[in-house]
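Please read all numbers here as calculations on a predicted model, not as lab measurements. Letters go in sequence order (proteins before strands), and every chain restarts at 1.
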Amino acid sequence: MKVQAMAHFSAFSLLRNALTGHKHWPAQWPDALPKAEYDVIIVGAGGHGLAAAYYLAKEHGITNVAVIEKGWLGGGNTGRNTTIVRSNYLYDESARLYDHAIDLWDGLSQDLNYNVMFSQRGVMMLAHTVHDVQSFQRHIHSNRLNGVDNTWVTPQQAKEICPPLNISTDARYPVLGAAWQQRAGTARHDAVAWGYARAAAARGVDIVQNCPVTAIRRGPDGAVEGVETAKGFIKAKKVAVSAAGHTSVIMETAGVRLPLESFPLQALVSEPVKPIFPCVVMSNTVHAYISQSDKGELVIGSGTDQYTSYSQRGGLPLIEHTVAAICEMFPVFRRMRMLRKWGGIVDVTPDRSAILGKTPVQGLYVNCGWGTGGFKVTPGAGHTLAHTIARDDPHPINAPFTLERFTTGRLIDEAAAAAVAH
Amino acid sequence: MSAFRIPGKGRVCHDKPVRFTFDGKQYQGLEADTLASALLANGVHLVGRSFKYHRPRGIVSAGSEEPNALVGVSRGGGREEPNTRATLQEVYEGLTAISQNRWPCLHFDAGATADVLHRFLPAGFYYKTFMWPKRFWDRLYEPLIRRAAGLGVPPSEPDADHYASRYAHCDVLVVGAGPAGTAAALTAGRSGAQVILADEQAEIGGALLADDKVQIEDQTAADWLSAAQAELAALPNVRLLARTTAIGYYHQNMVGLAQRITDHLASPPADAPRERMWRVRAAQVVLAQGAIERPLVFHGNDRPGVMLAGAAQIYLNRYGVKPGKTVVVVTSHDSAWHTAFDLADAGTPIAAIIDTRPAIDPALTEAAAPRGIEALLSHTVTATSGRLRLRSIHVNAVTDGKVGGARLILCDTLLMSGGWTPSLHLFSHTQGKLAWDEASQSFLPDLKTEACHIAGGGRGLWGIENALQDGAKVGAEAAMAAGFNATAPALTTQNDRSGAGIIIAELPTDRGPQSTRSFVDLQNDVTSKDIRLAVHEGMHSIEHVKRYTTSGMATDQGKLANMNGLAIAAAAIGKPPPQVGLTTFRPPYTPTTFGTFAGYHQDDTFDITRKTPIDPWAADNGAVFEPVSLWRRAWYFPKPGEDMHAAVARECRATRNAVGIFDASTLGKIEVVGPDAVEFLNRLYTNPWTKLAPGRCRYGLLLGEDGYILDDGVIGRLSEDRFHVTTTTGGAARVLNMMEDYLQTEWPDLRVWLTSVTEQWATIALNGPNARKLLEPLVEGQDLSDEAFPHMSLADCTVAGFPARLFRVSFTGEMGFEVNVPARHGLALWQRLLGEGEAHDICPYGTETMHVLRAEKGFIVVGQDTDGTVTPGDANLGWAIGKRKPDFVGKRSLARPDLVDPNRKQLVGLLTDDPKVVLEEGAQLVDDPNRPIPMQMIGHVTSSYWSEALGRSIALALVEGGRMRMGETLYLPMASITHTAKVSRTVFYDPDGQRLSM
Ligand SMILES: Cc1cc2nc3c(=O)[nH]c(=O)nc-3n(C[C@H](O)[C@H](O)[C@H](O)COP(=O)(O)OP(=O)(O)OC[C@H]3O[C@@H](n4cnc5c(N)ncnc54)[C@H](O)[C@@H]3O)c2cc1C
């Protein structure tokens with residue numbers, strides 16, 4: 001079996017299959033066993049790795065590709081995040097990359113023939129202090145000149161957009177206004193991974209699950225030869241590592257050290273309720289953000305835990321703080337209940353911007369450092385990574401996101417602008 | 001008395017009737033009833049509608065695993081909440097509950113059209129459609145989906161209750177107070193260990209509350225329990241917490257307990273918190289959470305009237321309630337037989353017991369016969385009927401795997417049992433490993449990561465005696481592990497019940513797969529067909545199956561669905577269950593109120609507000625405050641009729657012309673002491689410190705390892721080995737952390753000690769030409785003349801009789817002093833200075849005026865004029881770098897190519913062409929406003945004010961190659977207008993610094 005025809009998804013095919021008992025849907029992606037050799041191997045079947053494989057096949061005609069995943073596809077941060085998609089970043093380099101991603105989000109369901117439920121509900125970032133106001137104004141002015149939508153709203157306007165918001169002036173952290181990006185919103189994380197996996201597989205990409213990559217093998221000339229995995233050695237002249245929090249461990253086996261620290265990041269959902277929350281609200285000052293899923297759950301996230309760790313357990317105090325912050329901004333939610341909480345391991349660079357491009361090793365590419373906010377860039381990261389791999393040369397949009405910038409000092413310091421950057 | 005209540009039976013108070021309403025109709029229950037038991041006593045099974053298909057649903061369980069019986073509960077006045085489990089909510093006089101997820105009413109719900117269309121809405125259908133036309137998603141499809149989804153209606157008013165939290169430490173925490181937990185707590189308690197025993201039910205006892213046959217140590221279960229409870233209550237080292245759920249098991253034996261305090265009371269005391277979070281750190285934890293009964297999966301297993309057999313036993317024996325008029329039992333486990341016997345003995349006709357097993361303990365069939373119960377072994381249930389309440393079932397014999405013809409049995413209640421699953425949720429929170437036990441077809445605890453012990457049903461044991469004895473043994477082990485001498489009592493029982501059984505998720509059926517609707521996740525409406533479809537579509541990991549079907553993601557968190565879902569998925573994949581794996585259980589164990597997590601962190605106490613000793617005066621004198629990190633600082637002091645602009649202009653004038661007084665107490669202060677203190681500062685700060693003489697001070701600049709400005713402040717040398725370091729208000733904790741970090745990890749050899757003294761000193765700044773005149777007469781022990789006490793000096797002396805650490809420094813460009821006195825004298829000194837200052841036209845000013853005055857002098861504010869990308873050179877602070885120092889934090893980074901690029905953004909002044917225009921902080925600068933978007937930006941405004949002293953606006957900006965652009969015109973394109981401004985130096989006022997000694 002090689003390229004499998006992808007059953008077209010539509011209301012009509014749903015109807016037709018309903019009449020035959022849904023017996024004829026093909027597998028969305030086949031369980032592939034690794035071949036001996038590929039043109040390109042991508043390590044990590046998160047949204048980014050799968051998207052890169054899809055665009056390699058779709059836009060560069062490179063289909064002899066394997067995505068190798070240690071667990072189940074989409075089970076890393078892609079399947080754990082709070083799905084906020086926005087592009088109102090400060091620096092030109094970021095604004096361009098994230099806006100490129102939004103352009104791809106818009107129409108992604110149709111492109112993949114998979115409803116990723118991209119919902120442009122708008123993202124509101126609350127300003128609680130004079131310093132916040134200054135910082136957001138700076139973003140808004142910069143975004144306007146970069147052609148990225150982002151506007152200032154007053155507390156009253158914020159309340160009109162989001163009725164549960166508390167704009168009382170005697171709150172501990174009163175709302176002084178907000179930055180509002182209407183184009184921004186949320187998407188269904190699993191569907192993004194599955195949609196890319198299905199569309200990539202349909203173009204011939206092998207998705208190998210339950211197969212940890214244990215090392216990258218380099219030849220005598222230093223160039224990449226392939227990867228060692230739990231299922232044996234697999235040859236490839238081009239390997240891209242897109243393994244989020246575990247990237248530094250894998251890259252170390254190729255002798256490449258990365259300036260990454262891994263932190264637990266926690267999130268939680270409430271019990272589902274009828275629609276009450278029409279947008280996404282974030283607050284950097286109180287460290288919490290919230291939206292409501294299509295299922296009706298309030299989806300809530302916090303800042304990273306204070307200490308580096310690979311444990312996905314996460315502590316109670318941070319969650320207590322996050323929930324307190326939510327109740328402070330939305331006192332009507334205090335009697336709601338938390339249904340479950342979880343953690344992911346996020347990979348953070350010194351300037352809180354990603355590393356996406358070539359490495360000093362011939363044939364080795366890296367995509368990491370998305371930290372707390374890389375879901376939103378999934379299509380953009382995959383798209384530019386595919387370009388970088390195919391041409392052995394970065395796309396102009398990801399060109400600034402080099403590893404070298406930490407040596408030259410040409411940082412893209414979004415940390416300076418936002419403490420919680422989802 | 002209702003037809004379903006058995007007079008005198010159970011633990012409810014038959015002489016204490018309680019009235020409540022459900023969907024507007026009034027009912028009567030008894031004290032100690034739950035809402036579920038009270039409704040059942042009134043013959044009400046139908047209580048809600050399911051999530052997706054809006055199917056009528058009844059009460060299934062008697063505990064927190066309840067998937068169906070979720071109601072909205074309201075006391076009015078901001079006390080309403082959705083999705084409350086009727087099986088845990090106790091009734092009280094006046095309780096008001098409503099059903100959910102139905103319109104217009106519970107009996108007739110328009111949403112049930114989804115049920116008619118179910119064929120078109122299989123698992124994951126929404127991923128396959130709603131894509132055309134594209135713009136319909138946001139506008140039509142998604143709003144429709146959202147309206148149909150959700151369960152209850154969220155609260156609409158702010159919560160009127162408050163919540164509490166506390167820490168507790170103990171030797172042994174026992175979670176679950178069934179026979180195992182109670183025995184464990186007794187054993188550990190008798191050893192003298194500090195014990196906490198928590199149970200989510202209203203009273204302790206667990207399974208003992210629902211067993212009226214077993215005898216423990218020759219007493220009835222109830223008597224033994226009362227004695228145990230009395231003993232535990234009498235032990236001073238034991239704390240009993242009922243209505244308390246262990247919600248999460250965190251690192252290093254920390255367990256969160258959520259205690260419900262007032263939800264069961266008709267009129268809660270006004271000052272009582274509604275719930276309390278206990279953060280318990282236990283030396284040893286005993287998990288005695290028992291086991292949860294598995295439902296059976298068969299066509300029509302979701303009708304109101306279909307209930308777990310174990311739940312019926314609880315309703316009968318604990319609440320004295322019969323679940324229906326005619327009962328049938330379907331089971332693969334012995335336990336349900338005993339439930340049937342109890343019901344029969346209480347006068348409920350049992351039409352039949354259907355057991356899927358071909359052979360069982362003959363004692364059971366022998367016990368059934370005299371009770372007139374027909375026992376059907378090797379039988380199955382293939383269908384049920386009844387829309388709002390079960391009316392009948394189809395029962396078929398199974399021979400050699402073949403399902404025979406159906407027989408109709410009329411009944412209004414069907415009790416099911418698919419065996420029992422050890423409850424290991426909390427154990428899973430610890431990431432402890434589970435091992436598959438083939439015999440019991442369940443996961444049992446294996447490798448542990450924390451100091452915990454599992455007792456009783458949680459590790460697969462059956463029966464009261466086993467649980468008691470295991471609990472006692474484990475309780476003793478835990479106490480001994482915590483250092484106590486404990487012995488397990490031998491607890492013996494009579495009449496304990498047998499508990500053999502097999503696990504069978506899905507009942508055999510003769511129905512075609514297309515016409516079968518067997519529910520696995522009752523709340524989320526996931527059928528066995530959905531699970532098979534997911535597998536068929538390539539979802540071969542249990543996590544994929546879960547996410548694709550949403551099985552196990554409802555508010556019961558998979559307590560009922562997970563094991564059945566796993567069995568069905570594993571069979572479809574063709575692998576044994578352990579190879580398919582289990583999804584991770586995540587905290588909280590049951591859904592927990594947000595307010596309980598927030599605890600006291602609400603309103604004013606959401607975050608502490610740090611206030612200076614002078615804050616009360618500012619509040620009394622009309623200050624407008626601004627929050628700066630955790631502090632609140634006086635922003636400006638408007639006089640009647642003044643707006644901010646007028647007030648700040650007046651404060652600026654007064655300070656430049658006479659003297660201003662400013663509360664600078666929030667500045668971070670760290671005392672750096674020790675023989676190596678000077679070396680420490682040399683390595684940390686950019687400046688050289690060796691030659692700074694005692695009694696002198698210097699502006700200090702601190703960089704991160706990346707070479708960018710992190711903090712700044714004046715550092716004074718008190719003596720050879722003692723420095724007074726000041727930091728920015730917001731940076732104090734960060735700087736102290738950084739100092740400690742370096743001291744402990746990089747330079748542990750340095751003999752240096754750090755003490756935060758921010759709150760020990762009140763700091764009052766006096767600035768202006770009259771500052772010295774005001775201060776001089778009040779100072780003893782220091783000559784304030786320029787010769788004896790020049791700019792950048794410090795001295796210990798007294799000011800107005802208070803011991804003081806006096807600095808001559810200025811952040812305004814005027815002659816300035818900062819008086820530090822012990823915090824307790826701060827207010828008195830402030831008032832004294834104000835009084836004495838009247839003669840010198842003194843004026844208090846706030847942070848805004850401070851900002852204007854410093855901007856007029858081009859002094860930066862870290863975090864406003866810098867943003868984590870600014871080097872000392874960028875900020876014109878190259879002079880603050882000790883050129884001859886071998887090293888300091890950030891030095892190496894400063895040499896990186898991009899950090900020495902002459903075209904970096906540099907801090908410059910900006911003077912608008914129209915002097916009246918005050919630029920917006922954050923406005924972006926371009927050199928050509930006519931370029932298309934995206935437009936090349938070359939910098940931004942960092943600070944911008946109206947300068948009263950200059951009679952025009954001023955601004956600071958970071959601009960690419962700024963220092964080479966002096967006099968150049970730049971543009972600031974705003975949304976509707978473009979401003980122009982010329983680049984200038986950053987010092988706008990008194991460039992020669994003559995006023996410092998005026
Ligand atoms: C709680 C939380 C909330 C978040 N919220 C948001 C948000 O609201 N908006 C936003 O934009 N971003 C958010 N993020 C960040 C976002 O999730 C990530 O940046 C993004 O999903 C990264 O995608 P990825 O494909 O790079 O990584 P992943 O999805 O983590 O994929 C990496 C994959 O690599 C695999 N892997 C690792 N090691 C190996 C190996 N040795 N061999 C083979 N495979 C390996 C992993 O199993 C994993 O599947 C959040 C993250 C978390 C944890």
Side-chain angles (χ1 to χ4, degrees), chain A residues 9-11 14 18 21-22 25 27-29 31 72 75 109-110 114-115 119-120 129-130 134 137-138 141-142 145-147 172 190-191 271-276 294-296 313 315-316 319-320 323-324 327-328 331-342 350 408-410 413 415-416, chain B residues 81-83 119-120 122 125-131 134 138 142 145-146 149-155 158-159 250 256 514 533 537-538 541 543-544 547 555 586-588 591-595 597-598 601 606-607 626-627 867-869 896-899 920-924 933-935 937 940:
Chain A
F9 285 167
S10 67
L14 194 61
H22 299 289
W25 295 113
Q28 298 198 0
W29 54 84
D31 270 337
W72 38 283
S109 295
Q110 289 72 20
Y114 209 96
N115 191 348
S119 170
Q120 291 176 298
T129 65
V130 175
Q134 290 165 345
Q137 290 288 11
R138 183 178 170 200
H141 289 303
S142 161
L145 297 183
N146 265 327
R172 175 67 183 81
D190 289 329
E271 295 182 325
V273 286
K274 293 293 174 196
I276 179 163
D294 282 340
K295 255 193 102 181
R313 283 171 74 181
L316 179 60
I319 287 296
E320 290 181 324
V323 173
C327 294
E328 209 37 37
V332 293
F333 292 159
R334 198 167 274 132
R335 288 177 101 86
M336 296 278 296
R337 297 188 194 89
M338 182 194 300
L339 175 54
R340 75 182 155 262
K341 70 130 192 140
W342 63 91
T408 65
R410 179 143 206 95
D413 200 338
Chain B
E81 70 272 350
N83 302 345
R119 262 172 217 285
F120 307 104
F125 74 96
Y126 30 76
Y127 299 126
K128 295 175 176 157
T129 182
F130 300 135
M131 289 180 273
K134 177 169 162 263
D138 277 2
E142 192 185 34
I145 292 178
R146 283 174 177 263
L151 284 170
V153 178
D159 189 359
Y250 303 93
Q514 286 334 303
L533 173 64
E537 288 197 77
S541 148
E543 281 285 353
H544 283 155
R547 286 157 183 256
T555 64
R586 305 191 185 284
T592 305
T593 309
F594 279 3
F597 286 95
H601 295 274
F606 165 59
D607 230 352
E626 71 159 332
D867 63 1
T869 64
R896 293 186 291 177
D898 200 62
L899 275 73
E920 240 177 70
E921 285 163 350
Q924 299 287 322
I933 281 177
M935 201 183 279
M937 290 168 260
H940 75 281

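The CH2 atom of A:W29 lies 9.0 Å from the CD atom of B:E537; values are rounded to the nearest 0.5 Å. Rounded to the nearest 0.5 angstrom, A:L145 CG and B:Q924 CD are separated by 6.5 Å. In this structure, A:N115 CG and B:Y126 OH are separated by 10.5 Å, a value rounded to the nearest 0.5 Å. Going from atom CD of B:Q514 over to atom NE2 of A:H22 covers 8.0 Å, rounded to the nearest 0.5 Å.
Looking only at side-chain heavy atoms (C-beta outward), B:M131 and A:S10 stay at 4.5 Å or farther from each other. Counting heavy atoms from C-beta outward, A:R337 and B:T593 have side chains that approach closer than 4.5 Å. Contact check for B:H940 versus A:H141: no side-chain heavy atoms found under the 4.5 Å cut-off. By the 4.5 Å heavy-atom criterion applied to side chains, B:T555 and A:P272 are counted as neighbours. Inter-residue side-chain proximity for B:R146 and A:K274 is flagged as unmet; no heavy-atom pair is nearer than 4.5 Å. Under the 4.5 Å side-chain criterion, counting only non-hydrogen atoms from C-beta, B:P82 is not in contact with A:E271. When side chains are defined from C-beta on, A:D413 does not count as touching B:D867, because their heavy atoms never get closer than 4.5 Å. Contact of the A:T129 side chain with the B:E626 side chain is not registered, since no non-hydrogen atoms from C-beta on lie closer than 4.5 Å.
Taking A:M338, A:R313, A:Q110 one by one and counting their heavy-atom pairs under 4.5 Å with chain B, the maximum is reached by A:R313. Of the listed residues (B:A598, B:P591, B:G256, B:P934), the greatest number of heavy-atom pairs within a distance under 4.5 Å of chain A belongs to B:P591. If you tally non-hydrogen atom pairs under 4.5 Å between each of B:E543, B:E142, B:R586, B:R896 and chain A, the highest count goes to B:R896. With chain A as the partner, the residue from B:P122, B:P155, B:P154, B:S541 showing the most heavy-atom pairs under 4.5 Å is B:P154. By number of non-hydrogen pairs under 4.5 angstrom with chain A, the leading residue of B:P627, B:P587, B:P897, B:A923 is B:P587. Chosen from A:G296, A:A191, A:G315, A:G21, the residue pairing most often with chain B at heavy-atom distances under 4.5 Å is A:G21. Top candidate by heavy-atom pairs under 4.5 Å with chain B, chosen from A:E320, A:Q120, A:Q134, A:R172, is A:R172.
Aromatic ring orientation, B:H544 versus A:W72: perpendicular (interplanar angle above 60°, classes split at 30° and 60°).
Between A:L316 and B:F597, the shortest heavy-atom contact is CD1-CE2, 4.0 Å. When every heavy atom of B:F594 is checked against every heavy atom of A:C327, the shortest pair comes out as CB-SG, 3.7 Å. Of all the heavy atoms in B:P158 and A:V332, the pair that sits closest is N-CG1, 3.7 Å. B:M937 and A:S142 get closest at one heavy-atom pair: CE-O, 3.4 Å. Here the shortest heavy-atom pairing between A:K295 and B:A149 reads O-CB, 3.7 Å. Between B:E921 and A:Q137, the shortest heavy-atom contact is O-CB, 3.5 Å.
When heavy atoms are compared at a cutoff of 4.5 Å, B:D138 approaches chain A solely by way of its side chain, counted from C-beta outward. With a threshold of 4.5 angstrom between heavy atoms, B:L533 approaches chain A through side-chain atoms but not through N, CA, C or O. Contact annotation for A:D190: only side-chain heavy atoms (C-beta onward) come within less than 4.5 Å of a heavy atom of chain B. Both the backbone and the side chain of A:N146 come within contact range of chain B, judged by heavy atoms closer than 4.5 Å.
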Self-check item: Candidate pair B:D159 and A:R335, rule salt bridge (Lys or Arg N to Asp or Glu O under 4.0 Å), full reasoning
Solution: CA-CA 6 Å; B:D159 189 359; A:R335 288 177 101 86; 2.7 Å; yes
